[in-house]
Amino acid sequence: SLINRLTAQAGVKPVGHVPPWLMRLLLGRPLVDSLLTSARVSNQKAKQVLGWQPTYRTFDEGIPAVIQALDAFSA
């Protein structure tokens with residue numbers, strides 16, 4: 001699951017399964033719904049028109065950078 005992948009990269013004990021209704025109560029509906037909604041899109045047009053290339057090849061490769069940015073933001 002997304003939450004377990006994030007916690008593993010952050011070095012935190014996995015939380016296991018948390019029902020979406022409970023997560024909505026704790027974190028709010030917009031955040032939880034954004035994490036649970038599939039948003040598969042193609043970046044092909046950005047690559048062709050803008051010459052853009054993603055910084056990270058996969059979602060999992062980018063997780064450490066996101067955690068580092070969140071740590072810096074909350075400091």
Side-chain angles (χ1 to χ4, degrees):
S1 79
L2 173 62
I3 298 297
N4 288 336
R5 288 160 60 193
L6 291 170
T7 56
Q9 288 283 335
V12 178
K13 182 180 173 186
V15 296
H17 178 75
V18 178
W21 65 266
L22 180 57
M23 289 187 61
R24 286 183 184 103
L25 284 175
L26 298 172
L27 303 173
R29 178 174 292 278
L31 175 60
V32 174
D33 288 350
S34 71
L35 291 172
L36 296 177
T37 301
S38 176
R40 294 174 187 257
V41 295
S42 172
N43 57 25
Q44 190 62 34
K45 189 170 184 178
K47 289 178 178 179
Q48 290 173 344
V49 174
L50 303 174
W52 174 82
Q53 289 296 315
T55 303
Y56 303 99
R57 195 172 59 90
T58 67
F59 175 83
D60 289 313
E61 288 178 9
I63 291 174
V66 171
I67 292 170
Q68 183 178 18
L70 289 171
D71 284 344
F73 179 75
S74 65

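No hydrogens, no waters, no symmetry mates; every other heavy atom, side chains included, goes into these values.
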>> Ignoring hydrogens, what is the shortest heavy-atom contact between E61 and P64? Give both atom names and the distance.
In response: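 Looks like O-CD, 3.5 Å.
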
> Which atom pair, heavy atoms only, marks the closest approach of Y56 to A65?
Replying inline: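 Distance-wise, the nearest heavy atoms are OH-CB, 3.0 Å.
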
> V32 and side-chain contact (heavy atoms from CB on, under 4.5 Å): which partner among V18, L27, L26, L22?
Replying inline: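 Answer after filtering V18, L27, L26, L22: L27.
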
> Are there more than 12 heavy atoms of other residues, nucleotides or ligands under 6.0 Å from atom CZ of F73?
Replying inline: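 For F73, atom CZ is not crowded (no more than 12 foreign heavy atoms under 6.0 Å).
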
>> With a 4.5 Å cut-off on side-chain heavy-atom distances among I, L, V, M, F, W and Y, is there a chain of contacts connecting V12 to M23?
In response: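 Each belongs to a different hydrophobic cluster.
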
Only pairs under 3.5 Å count here: list side-chain donor-acceptor contacts from residues 35-49, not counting sequence neighbours, and write none if there are none.
unit_1: T37; atom_1: OG1; unit_2: D33; atom_2: O; d: 2.5
unit_1: S42; atom_1: OG; unit_2: Q44; atom_2: N; d: 3.1
unit_1: N43; atom_1: OD1; unit_2: K47; atom_2: NZ; d: 3.4

